[in-house]
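The analysis underlying the following values was restricted to heavy atoms, covering all of them including side chains, and did not include hydrogens, waters or symmetry mates. One-based numbering, in listed order, for ligands and for the atoms of each.
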Amino acid sequence: MIGSLRLSRAQLEAVFDHARACKPEEACGILAGDRDGNVKRVFLMENAEHSSSFYVMDSREQFQVFDEMERDGLELAAIFHSHPHSPAFPSPKDRELAFYPDSVYLIISLMNNEPESHAFRIVEDQVSEIEIRVGET
Ligand SMILES: [Zn+2]
């Protein structure tokens with residue numbers, strides 16, 4: 001089980017840029033890495049619902065990403081999405097749709113000038129925050 005999420009500043013900036021580009025819609029994507037939570041690749045994905053209040057990954061794109069991860073021997077480290085107008089905390093809908101108990105959920109809030117990010121594990125509606133370490137991969 002991943003104790004913290006470790007990614008480079010450039011990887012985090014790529015996530016922030018995607019979130020900003022998709023605003024006012026929620027942005028989403030996948031961080032692929034190893035079992036220890038070290039991110040190796042960032043997949044920027046489309047919010048199939050084009051909604052500003054929730055996100056759904058495009059199922060075909062998700063299949064392709066999972067396929068590519070498997071081919072490259074990568075694990076699902078985190079699923080990320082943005083909150084254009086609300087804090088970086090899982091919404092009731094996020095908890096309801098958290099289908100990957102082994103994954104980390106990274107949420108980016110754009111409600112202030114500077115993007116804010118927090119990472120969580122969501123298991124059976126129980127939310128616990130985990131540490132994000134930037135610049136240690
Ligand atoms: Zn959300």
Side-chain angles (χ1 to χ4, degrees):
M1 182 160 281
I2 296 172
S4 62
L5 185 67
R6 285 186 283 272
L7 70 178
S8 69
R9 173 55 60 185
Q11 287 168 335
L12 188 61
E13 287 298 333
V15 170
F16 287 170
D17 285 347
H18 186 51
R20 289 191 194 97
C22 293
K23 199 178 172 179
E25 295 174 3
E26 289 198 6
C28 63
I30 282 177
L31 304 180
D34 61 24
R35 287 180 185 279
D36 298 323
N38 299 299
V39 174
K40 308 286 185 195
R41 268 190 76 178
V42 178
F43 293 94
L44 307 175
M45 294 167 69
E46 183 178 343
N47 179 354
E49 291 293 327
H50 296 280
S51 165
S52 62
S53 58
F54 72 108
Y55 74 102
V56 175
M57 289 180 187
D58 177 80
S59 54
R60 265 184 58 181
E61 188 178 29
Q62 189 178 350
F63 183 81
Q64 284 165 3
V65 167
F66 276 56
D67 207 43
E68 207 166 321
M69 281 165 50
E70 191 176 337
R71 204 184 54 214
D72 293 346
L74 297 170
E75 306 278 336
L76 174 63
I79 295 168
F80 75 85
H81 73 284
S82 64
H83 284 174
H85 306 293
S86 56
F89 192 80
S91 67
K93 189 126 191 152
D94 291 335
R95 297 202 298 273
E96 186 188 324
L97 299 177
F99 300 129
Y100 297 93
D102 292 332
S103 177
V104 169
Y105 289 86
L106 175 66
I107 302 180
I108 316 304
S109 171
L110 298 177
M111 67 186 292
N112 299 311
N113 283 340
E114 287 299 311
E116 199 175 313
S117 55
H118 290 279
F120 306 90
R121 191 173 296 284
I122 307 173
V123 182
E124 290 174 3
D125 211 39
Q126 294 295 313
V127 176
S128 47
E129 182 159 9
I130 72 155
E131 190 184 9
I132 302 173
R133 294 187 182 181
V134 179
E136 293 183 28
T137 58

Note: Glu131-Arg6 ion pair, threshold 4.0 Å (strictly below): no

Are His81 and Asp94 close enough that a side-chain donor and a side-chain acceptor fall under 3.5 Å? yes

If you round to the nearest 0.5 Å, how far is CZ of Phe43 from CZ of Phe80? 11.0 Å

Is there a side-chain contact between Ile30 and Met45 (heavy atoms, below 4.5 Å)? yes

Write down the atom of Leu76, the atom of Phe66, and the distance for their closest heavy-atom approach. CD2-CZ, 4.3 Å

Shell check on the Zn ion (ligand 1): protein N, O or S atoms less than 2.8 Å away are His81 NE2, His83 NE2, Asp94 OD1, Asp94 OD2

Here the pair of heavy atoms bringing Lys23 nearest to Leu110 is NZ-O, 3.6 Å

